[in-house]
Each structure stands twice: as structure tokens, then as C-alpha cells.
Amino acid sequence: MTNQNVVVPDTKSGISLPMVRLSGSSIFPATAQKPPTAPGTGGGGCISLSAKKKLLLENLEINGGGGAAKINSWVDSMRASSPTHMKSSSQSLSEQHQQQITLPSALDNFDQIMEASRGKQIVMFLDYDGTLSPIVDDPDRAFMSKKMRTTVRRLATCFPTAIVSGRCRDKVYKFVRLAELYYAGSHGMDIKGPEKGSKYTKGTEPVICQPASEFLPMIDEVFKELVAKTKLTPGAKVENNKFCVSVHFRCVEEKKWSEVAEAVKSVLNKYPKLRLSQGRKVLEIRPTIKWDKGKALEFLLESLGFANCTDVFPIYIGDDRTDEDAFKVLKEREQGFGILVSKVAKDTNASYSLQEPTQVMDFLQRLVDWKKLAFQESRM
Ligand SMILES: O=P(O)(O)OC[C@H]1O[C@H](O[C@H]2O[C@H](CO)[C@@H](O)[C@H](O)[C@H]2O)[C@H](O)[C@@H](O)[C@@H]1O
């Protein structure tokens, strides 16, 4: 991993801003406004809080399977990914908000986004937890509101729409309950399109993609082992997401987080073909294959017939680290935009932000209204 300080000119003010570059990732400037696509910095020439968090996580990911990581660094990473710890860090809340402000609001910039999409086919990609449903303690009760479901249903009548989630596909389908959507579960490793006859499938069979199917028996084994290893840790919850496993520590007392880390590490050490990633108070174990939400997005665009098209405008909305793979793909393709759902500053490849699921709903409704208006105008 390379870690070098470089200086980049801020395109608006002409002032040079120090930037920390971590393995090619970009970090937004702390104070200066920036155009959505330019890279920036954590501020002040020092490594930012979010960059520190990223370093911890990368360290954890690199050492996850090899047994070299100390449990303390795992727990540090688990702490760093917790918003309560972000608040109590050396960076004040107002500074964090300042950073967040540098990522423009998708609602405030709605007209600008629509202008960029002019003449192109919008395709919608939506993460589930923390994007369509609020984050709650019990993962089995992360319901989306009726209003949100109605909005997503309307959205899907206007644009091809996919749900891209870390959850098992069947489970996320049970929450969303809209047959007309594409679903990519297990962080994109389990993709299925709408049934025959849907508006966008034109009578063809629903697409199915399961690039990690050979890992099914291994994941089942790992799930059982993790359940056994964490059963004495109050609040720990292991979720079988079919092609990956989530170990939740949201309801575990902080002093017991090391027990969760130990359990996951000991299992990972036995399975070199599996790797670790981290979400919101969750450790996730998944196959080492080169497949993620970004690849799922590309696969879905291809399935929809937009593989080499310049007239497609994908919009991906998500709140978590795993959504960054999709944001990055959009940035690299220079197509559409990523929208990060977050109230606090984060390293991101997204171009716009929304603060919470209610704002996501407002944004989706505005898209629907915009499309209807555009349709009416085209008939006049
Ligand atoms: O890709 P996503 O749809 O965002 O799924 C990522 C993980 O989401 C769920 O966990 C998160 O939400 C839970 C419910 O609000 C919360 O309790 C937990 O702390 C969060 O990490 C889901 O349970 C996981 O399996 C997904 O991988």
C-alpha cells in the first residue's frame, strides 16, 4: 500500500490543497468547495479521520486471512467504523459537517443532475440497508416504509431499477416485494432479473448470474462455525447471506468486540479462499473472487443492452463501504453518478450525497415527477 502526500490545486479557488492519496483512492477536501468529480483531501496536510479509518480497514483486509493481524487492530477498525466514535474523535462535529458539505446534495443539485442525463437512458441502482430502510438494531426487522415501496414501484415504471444488497437475494426480496425489479444479493454475487413479461426484459428469460456458486458449501460451513463461536457473546448475530456471511456486533458491548473479532479471525485463518470486508457494525466474510457491487452494476448494464453505450446514465445510491465499488465503476466509466447516503464525512467515490433514507425517497419521487413531466412535454 502506498501512502503519499501530494498537493493538488483546488479548481475553484486556485488554492493548493494538500491531499493524502491511499492506493489510488480520493479523499474530499475539508474546507473548499469542489466540483463533484475532482479529488481532494482530508484537510490540513494531515491524514483525515476517514483516511485513518480506511488505513485501519485496509490493514485488516490485507491481514485478515493470513493470521498476521493483531486483534487490537481489528477492534480499532471496528471502532473507527462506528459513527459514535467518529463524533468523539479529534475532529469536531462541525468540521465533519463541513466535509460533508463539500459533497453536494443530490436534492439541491437535482436540476444539474437531470441536465447531465439529457438524451440518455437513466438506469437506477439502489442499495437496501441504510438507503431504502433505516439502520436498526435487528437486521431481521429492517423494513422499508410503505411510502418508500410505493415510490420505488413508481420509479421502476419510469426507469430500469435494480436493488444491489449485501443481503441474501431472497431476503432482500422479502423486504422490497416488487417483482418488476432486478435484484443483486450477496454483494452482487447473486443476480436475477424480473420474471418474463416485465417491461424491460422484452419477453426473454430473467437473467441469472451466480459467479460464486462453488463457494456455497464453504459458506454454509463457515456460517455454522461462526454461530458456534459467537454463541457465548451476548448480542452477536451471524447472518447467512448465501454467498457471504455477516457477523453483526451492533448489539455487542464494546468491551466484547474483541471476542467477535477473535471468532471471525480464527475462522478466516482456516479458509484462505475467503476474505473479510466491513460494513456498518458488521464484519463480512466473502469469497476472494473478483466480484463486487461494481461488477454487478456492469453485469446489469450489459444485460440491459448498455454494455458499450454512451447514451446510458446510471445512478447508484448507497450508504456503505461496499457501495464504493459501484461508485468507482461509474467514475471510471464517466457515466452517471454515485450518490452517498450519509450524515457524516466519509471517503467516497460518490459525486453527490443524501443524508438519510427519507431524502432518498424525496429524490426518487423527484425523478418520477421529472420523468412524467418530460413525457407530457414530449406529447405536446
Ligand atoms: O448492501 P446493503 O443492502 O446495505 O446490506 C449491507 C448489510 O446490511 C444489513 O446490516 C446493516 O443493517 C442492519 C439493519 O439495519 C443493521 O443492524 C446492521 O448493523 C447493518 O450492518 C444486513 O443485515 C447485512 O447482512 C448486510 O450485509
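Remember, it's 1-based here, ligands and their atoms both numbered in the order they're listed. FYI, side chains are in, hydrogens and waters are out, and symmetry mates aren't considered; it's all heavy atoms of this structure.
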What verdict does the side chain to side chain contact (heavy atoms under 4.5 Å, CB included) test give for L300 and F125, after you've listed the backbone C-alpha separation in whole Å, the side-chain angles of each residue and the deciding distance to 0.1 Å? CA-CA 10 Å; L300 282 164; F125 296 90; 3.9 Å; yes

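- Of all atoms in ligand 1, numbered sequentially from 1 with element shown, those under 4.0 Å from a heavy atom of G166 are 1 (O), 2 (P), 3 (O), 5 (O), 27 (O).
- Using a 4.0 Å cut-off to heavy atoms of S246, the atoms of ligand 1 that qualify are 24 (C), 25 (O), 27 (O).
- By the 3.5 Å distance cut-off applied to N or O atoms, D323 is not counted among the residues near ligand 1.
- Using a 4.5 Å heavy-atom cutoff, the side chains of R280 and D129 are not in contact.
- For ligand 1 and D137, the ligand atoms under 4.0 Å from any heavy atom of the residue are 17 (O).
- Side-chain contact check for Q355 and S342: no donor-acceptor pair (N or O, by modelled atom type) lies under 3.5 Å.
- Atoms of ligand 1 lying under 4.0 Å from at least one heavy atom of E284, given by number and element, are 26 (C), 27 (O).
- Residue P134 places a heavy atom under 4.0 Å from ligand 1.
- At the shortest separation from atom 2 (P) of ligand 1 among protein heavy atoms lies D127 OD1, 2.9 Å.
- When hydrogens are left out, the protein atom nearest atom 10 (O) of ligand 1 is H248 CE1, 3.5 Å; that is the closest non-hydrogen contact.
- Remark: ligand 1 atoms within the under-4.0 Å shell around heavy atoms of Y128 are 3 (O).
- Annotation for K256: atom NZ does not count as buried by contact number, only 12 or fewer foreign heavy atoms lying within 6.0 Å.
- In summary, the atoms of ligand 1 found under 4.0 Å from a heavy atom of N241, numbered by their order in the structure, are 25 (O), 27 (O).
- N241 and S246 are linked by a side-chain donor-acceptor pair at a separation below 3.5 angstrom, with hydrogens and angles left out of the test.
- Proximity of S165 to ligand 1, defined as any heavy-atom pair under 4.0 Å, is shared by backbone and side chain alike.
- Taking a cut-off of under 4.0 Å to the non-hydrogen atoms of E239, the atoms of ligand 1 that pass are 22 (C), 23 (O), 24 (C), 25 (O).
- Among all protein heavy atoms, the one lying closest to atom 19 (O) of ligand 1 is R250 NE, 2.6 Å.
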Run the salt bridge (Lys or Arg N to Asp or Glu O under 4.0 Å) test on D323 and K293 for me, step by step, so that the C-alpha distance in whole Å, both residues' side-chain angles and the decisive distance to 0.1 Å come before the verdict. CA-CA 6 Å; D323 300 308; K293 288 180 170 186; 2.8 Å; yes

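- A centroid separation of 6.0 Å or more is found between the aromatic rings of F337 and F327.
- Contacts between S133 and ligand 1, counted as non-hydrogen atom pairs separated by less than 4.0 Å, are absent for every part of the residue.
- Annotation: side chain of L132 is not in contact with side chain of D127 (no heavy-atom distance under 4.5 Å).
- The aromatic rings of W257 and F249 sit perpendicular to each other, their planes meeting at more than 60°, with 30° as the lower class boundary.
- Listed by chain and number, the residues in a ring pair (Phe, Tyr, Trp, His ring centres under 6.0 Å) with F215 amount to none (sequence neighbours excluded).
- Taking the ring centre of Y183 as origin, the terminal cationic atom of R169 falls outside the region bounded by 6.0 Å and 45° from the ring axis.
- Using a 4.0 Å heavy-atom cutoff, R141 is absent from the residues neighbouring ligand 1.
- No side-chain heavy atom of M78 sits under 4.5 Å from any side-chain heavy atom of E254.
- In terms of protein heavy atoms, atom 8 (O) of ligand 1 is closest to D129 OD2, 3.1 Å.
- Remark: ligand 1 atoms within the under-4.0 Å shell around heavy atoms of V282 are 21 (O).
- At the shortest separation from atom 16 (C) of ligand 1 among protein heavy atoms lies V136 O, 3.2 Å.
- Protein heavy atom in closest approach to atom 20 (C) of ligand 1: R280 O, 3.3 Å.
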